[in-house]
Amino acid sequence: MNCEIINHSKTAGLADEIIASIRQVYDPEIPVNVYDLGLIYKVRLDEDDRAFVTMTLTTPNCPVADSLPSQVESVVMLTEGVTDAHVELTFDPPFTIDMMSDEAKLELGFL
């Protein structure tokens, strides 16, 4: 799992709080949160505490393609200290199980 964190925020710990919020969102078909699943590619905070998240889905045909990015955006926006939130969906690079955390791989029986 290689989520890139770009933090220009003056608020200490805000990036960690955002990640904790994102970990509350689960793929409905897989019992692992989207962060540990490896679906979050980048979290960027600007100096005004606006959050920009780049994420993917397990497949482009994912049945939750309309709702999962919105859920991520909502929990990030509700994170104390965040002034605005935007989620961008990408499929480059495509998702693979190598992007999962070791905990997620263990939970799903890949380790």
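In what follows, residues are counted from 1 in the order of the sequence shown.
If you take OG1 on Thr79 and CD1 on Ile19, they are separated by 10.5 Å, rounding to the nearest 0.5 Å. For the atom pair Thr90 OG1 and Leu57 CG, the distance stands at 10.0 Å (nearest 0.5 Å). Here Glu4 contributes atom CD and Arg44 contributes atom CZ; the two are 10.0 Å apart, rounded to the nearest 0.5 Å. Taken to the nearest 0.5 Å, the CZ atom of Phe110 stands 9.5 Å off from the NZ atom of Lys105. Atoms CG and OH, from Leu89 and Tyr41 in turn, are 9.5 Å apart once rounded to the nearest 0.5 Å. Between atom CG of residue Asp27 and atom CG of residue Leu37 there is a gap of 6.0 Å, rounded to the nearest 0.5 Å.
When hydrophobic clusters are built by joining Ile, Leu, Val, Met, Phe, Trp and Tyr residues whose side-chain heavy atoms come closer than 4.5 Å, directly or via intermediates, Phe52 is not grouped with Met55. Both Ile97 and Ile30 sit in one connected hydrophobic cluster of ILVMFWY residues. Membership requires side-chain heavy atoms under 4.5 Å apart, directly or through other members. Taking hydrophobic clusters as Ile, Leu, Val, Met, Phe, Trp and Tyr residues chained together by side-chain heavy-atom distances below 4.5 Å, Ile5 shares a cluster with Ile40.
Side-chain atoms of Thr83 come within 3.5 Å of backbone atoms of Asp48 as a donor-acceptor pair (strictly under, hydrogens ignored). Side-chain atoms of Tyr35 never come within 3.5 Å of backbone atoms of Cys3 as a donor-acceptor pair (strictly under, hydrogens ignored). Although no hydrogens or angles enter the test, the distance criterion places no donor-acceptor pair under 3.5 Å between the side chain of Thr54 and the main chain of Glu88.
For Glu47, the CD atom sits in a packed shell: over 12 heavy atoms of surrounding residues, nucleotides or ligands are nearer than 6.0 Å.
Residues Asn33 and Ile22 fail the side-chain proximity criterion, which asks for heavy atoms closer than 4.5 Å. Val87 is not listed as a side-chain neighbour of Val76, based on a closest heavy-atom distance of 4.5 Å or more. Residues Thr58 and Leu39 have side chains in contact (heavy-atom distance under 4.5 Å, counting atoms from C-beta outward). Asp49 is not listed as a side-chain neighbour of Val82, based on a closest heavy-atom distance of 4.5 Å or more. Here the side chains of Leu14 and Asn7 are not in contact, with every heavy-atom distance at 4.5 Å or above. Considering only heavy atoms from C-beta on, Thr59 stays 4.5 Å or farther from Phe91 through its side chain. Contact annotation: the side chain of Val53 never approaches that of Glu73 to less than 4.5 Å [non-hydrogen atoms, C-beta and beyond].
Shown here for Glu29 and Pro63, the closest heavy-atom pair between the two residues is OE2-CG, 3.5 Å. Pairing each heavy atom of Phe95 with each of Thr56, the nearest pair is CB-CG2, 4.2 Å. Listed here is the closest heavy atom pair of Leu68 and Val34: CD2-CG1, 3.9 Å. Closest of all the heavy-atom pairs between Met100 and Leu108 is SD-CD1, 3.8 Å. When all heavy atoms are compared, the tightest approach of Ala85 to Met77 is N-SD, 3.6 Å.
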